[in-house]
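Notes for the one structure printed next.
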There are 4 protein chains.
Amino acid sequence: MAENKHENILRAAQKLFAERGYDGTTVPMIAEEAKVGAGTIYRYFENKQKLVNELFRGSVAQFAATLQAGFPEQKDFREKFRHVFYQLIRYSREQPEAFRFINATVNAYFLDEQSKSDFEGFMDFIERHLDEGKEAGLLRDLPSQAFIAIVYGTIFHLSRTFEDGILEPDDELLAGIEKSCWDAISAG
Amino acid sequence: MAENKHENILRAAQKLFAERGYDGTTVPMIAEEAKVGAGTIYRYFENKQKLVNELFRGSVAQFAATLQAGFPEQKDFREKFRHVFYQLIRYSREQPEAFRFINATVNAYFLDEQSKSDFEGFMDFIERHLDEGKEAGLLRDLPSQAFIAIVYGTIFHLSRTFEDGILEPDDELLAGIEKSCWDAISAG
Amino acid sequence: MAENKHENILRAAQKLFAERGYDGTTVPMIAEEAKVGAGTIYRYFENKQKLVNELFRGSVAQFAATLQAGFPEQKDFREKFRHVFYQLIRYSREQPEAFRFINATVNAYFLDEQSKSDFEGFMDFIERHLDEGKEAGLLRDLPSQAFIAIVYGTIFHLSRTFEDGILEPDDELLAGIEKSCWDAISAG
Amino acid sequence: MAENKHENILRAAQKLFAERGYDGTTVPMIAEEAKVGAGTIYRYFENKQKLVNELFRGSVAQFAATLQAGFPEQKDFREKFRHVFYQLIRYSREQPEAFRFINATVNAYFLDEQSKSDFEGFMDFIERHLDEGKEAGLLRDLPSQAFIAIVYGTIFHLSRTFEDGILEPDDELLAGIEKSCWDAISAG
DNA sequence: CATGAATGAGCTTTCATTCAT
DNA sequence: TATGAATGAAAGCTCATTCAT
């Protein structure tokens with residue numbers, strides 16, 4: 001019964017923010033879901049906005065960690081791309097609420113500077129990775145941000161499709177889409 | 001001075017919904033942005049939910065009209081794909097708020113049946129178009145929804161990138177990305 | 001088509017006030033019922049409160065006139081009582097909305113001094129009539145106001161019973177109740 | 001200092017509803033009268049309509065209890081009638097606001113089924129009591145509802161007269177009116 | 001004169017936040 | 001430390017009243 005109220009509150013908030021959005025979620029709802037009193041939330045978070053920002057940064061950090069876990073530093077670029085692609089997919093499927101929450105919250109009016117800059121730092125990781133491939137002449141002559149749009153944009157839309165049950169995420173389909181994305185960004 | 005309040009209210013709402021979401025936008029905010037009294041909004045819309053639905057359907061209709069405008073019915077599939085891609089880009093750039101609003105609002109809990117079915121009709125247009133390419137053997141062996149994720153997902157993410165000023169949408173860049181998307185979905 | 005808007009507005013207001021009460025009736029409702037524009041009402045009445053007061057006074061005057069119509073000045077007191085009783089009944093049945101409106105509005109917080117004093121004047125008529133009987137030794141040794149409570153209270157409650165369809169107001173029943181009321185107030 | 005807010009709110013509402021009616025009383029008015037915040041009312045009552053219904057049922061229950069308290073089951077009908085008459089008077093004088101509120105609220109559009117049926121149950125008590133007298137041949141050949149109109153109508157009007165200070169309710173006066181009412185309904 | 005579109009004060013209700021316990 | 005009752009500011013919405021036409 002190692003109660004970690006701070007953690008429970010964040011988990012409850014993430015679930016509800018993902019389902020109903022920030023403004024559609026009330027503090028009492030979070031309290032109920034976290035099984036604490038409403039006042040308790042204010043012992044751990046200054047206010048609702050601080051809570052959502054802390055949650056966002058935590059989610060982004062976890063997301064970044066997932067991406068970097070087992071990164072094949074010694075393998076070739078093709079292999080590194082495959083790793084990032086599959087880790088993005090994996091995160092979106094294993095933490096669908098976090099993934100949805102992050103994507104819905106990027107650019108939200110209630111994010112503070114710290115949160116925005118944390119997310120940029122995360123995106124930089126992907127960008128740096130792609131830059132490496134560009135320098136090696138493996139990628140097309142397009143800005144890295146274009147590659148991000150293609151790869152991240154695809155995976156983001158895909159995760160919705162999986163969540164809505166429109167597509168079933170089996171290995172063959174994922175392999176096909178990974179190949180598509182690679183073909184979209186790789187040179188000649 | 002022929003004020004069209006109905007139109008002004010919709011425009012104001014679209015801007016605010018795009019920036020802050022439905023629940024984060026208050027009726028007084030819309031009234032102020034539209035330069036009308038708060039009560040006036042209720043002469044034109046039964047309630048906030050009817051307003052957002054009417055706005056959504058209008059935006060989708062405009063979006064669909066843009067896609068179909070000048071559709072090269074007599075040209076080959078490659079040309080048709082290019083047309084759809086560029087029209088999607090065009091709409092996302094000419095009506096960035098509408099584009100963002102539509103994408104943020106699809107699946108929202110406050111959409112009524114009419115709105116959902118209108119949007120499905122729009123998506124069907126894109127899916128049918130892709131099916132045609134599949135039947136002609138021009139596309140990879142992937143579900144149409146995967147193509148949509150790649151193309152629509154890319155454009156959606158790209159429009160954010162343009163809006164945030166991260167990339168400048170010049171002709172060469174767009175041509176490059178269009179080529180990337182085509183390569184991502186086309187067979188052999 | 002001798003349009004008398006002033007009259008139409010009062011009639012419409014009376015109907016609605018009787019049905020829904022003063023606060024439950026909106027000015028646009030009255031306008032629609034009277035088949036005039038909402039603004040027109042303000043050409044004839046300074047505001048809603050002035051309207052309800054004017055209506056009240058008019059209704060009381062009409063009520064008083066009904067009571068006095070055909071008053072058998074030359075007949076004996078028993079006959080005069082019978083006349084008043086039946087005229088009260090008649091008014092409550094022929095103008096049920098007016099009767100209900102008057103009774104619901106007496107003592108209302110929105111009545112002005114003029115209206116209150118007009119109603120008192122009306123009650124004085126009944127009281128004077130009863131005083132006459134008292135002086136003649138025909139009535140019990142009770143204050144006139146007690147007689148009013150008995151007779152007016154009975155008729156008021158009875159009219160509800162008729163309106164709700166609980167009792168059917170046939171001649172025999174009315175004659176019985178008139179006799180009861182007389183027995184209640186008459187001496188020996 | 002054991003504040004009972006639930007009770008305070010009901011008391012405040014009863015006072016204001018009696019004075020101004022349901023639609024003429026605002027929730028902030030009730031809050032101020034009860035010396036609580038406006039939001040607090042919604043911790044105790046789902047909404048204004050639920051509040052008025054709970055108040056109505058409570059008042060009717062209290063009214064019914066008053067009527068039945070000390071009912072002389074073993075005495076003759078004349079004595080039972082006297083008991084009911086005096087208890088009606090007592091309630092109207094001890095709880096004038098409740099009495100006025102009940103009478104103004106019977107038949108109101110905002111009463112729910114439960115409330116209506118509770119009131120009917122109360123009226124049935126009076127009717128059954130009168131029926132008993134009719135069966136014993138003690139009362140005139142009139143419907144029970146006519147007796148109710150006479151007795152209840154009289155008392156209702158009388159209570160207004162007392163409240164307005166027009167009559168002073170001393171024992172002699174009440175005895176006189178009780179006798180009048182009995183004479184009005186009793187046979188022979 | 002008559003209208004009804006427009007308004008904003010004020011309604012009912014919700015909810016982020018506080019604080020006595 | 002933890003609670004949830006209490007609050008009041010502010011939400012969505014209504015409506016008495018005004019005024020340009």
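Convention: sequence-line order gives letters A, B, ...; per-chain numbering from 1. The structure presented is a predicted model; accordingly, all values stated were derived computationally and were not measured.
Applying the 4.0 Å criterion to OP1 and OP2 of E/dA5, one finds that B/Y44 has every side-chain N and O outside that range. Taking 4.0 angstrom as the limit, C/T40 places a side-chain polar atom (N or O) nearer than this to OP1 or OP2 of E/dT3.
Of the candidates F/dA6, E/dG4, E/dT13, E/dT13 carries the atom nearest the D/K48 side chain, counting heavy atoms from C-beta on. Residue D/V36 has its side chain nearest to F/dT7 when only F/dT3, F/dA6, F/dT7 are considered.
Using a 4.0 Å heavy-atom cutoff across all strands shown, A/P28 reaches sugar-phosphate atoms only and no base atom. Within 4.0 Å of B/V27, counting heavy atoms only, lie sugar-phosphate atoms of the nucleic acid but no base atom.
Between the C1' atom of F/dT1 and the NE2 atom of A/H6 lies a distance of 15 Å, rounded to the nearest Å. A straight line from CZ of B/R43 to P of E/dA5 spans 4 Å, rounded to a whole angstrom. Going from atom CD of A/E46 over to atom P of E/dT18 covers 9 Å, rounded to whole Å. Look at CD on A/Q49: it is 13 Å from P on E/dA16, rounded to the nearest Å. The distance from atom CD1 of A/I41 to atom C1' of E/dC19 is 16 Å, rounded to the nearest whole Å. For the pair D/M29 CE and F/dG8 C1', the computed distance is 18 Å after rounding to whole Å. Computed from coordinates, the B/Y42 OH to E/dC11 C1' distance equals 13 Å when rounded to whole Å. In this structure, CZ of D/F45 is placed 15 Å from P of F/dA5, rounded to the nearest angstrom.
In this structure, F/dT21 forms a base pair with E/dA2, meeting either the Watson-Crick or the G-U wobble geometry with both donor-acceptor distances under 3.5 Å. Across every strand in view, F/dA10 sits in a pair with E/dT13 that passes the Watson-Crick or G-U test at under 3.5 angstrom.
When the nearest nucleotides of DNA chain E are assigned to A/T25 and D/A38 by heavy-atom distance, the more 5′-ward of the two goes with D/A38. Each of C/D23 and A/K35 was matched to the nucleotide of DNA chain F holding its nearest heavy atom; the match closer to the 5' end belongs to A/K35.
With no hydrogens or angles considered, no side-chain donor-acceptor pair links C/T25 and C/R20 at under 3.5 Å.
Relative orientation of the A/F99 and A/Y91 rings is perpendicular, given thresholds of 30° and 60° on the angle between their planes. Relative orientation of the D/F122 and D/F63 rings is tilted, given thresholds of 30° and 60° on the angle between their planes.
For the pair A/A18 and A/E97, the tightest heavy-atom approach, listed with the atom from each and the gap, is CB-O, 3.6 Å.
Seen from the ring of D/Y22, D/K48 counts as a face-on cation partner, given the 6.0 Å and 45° thresholds.
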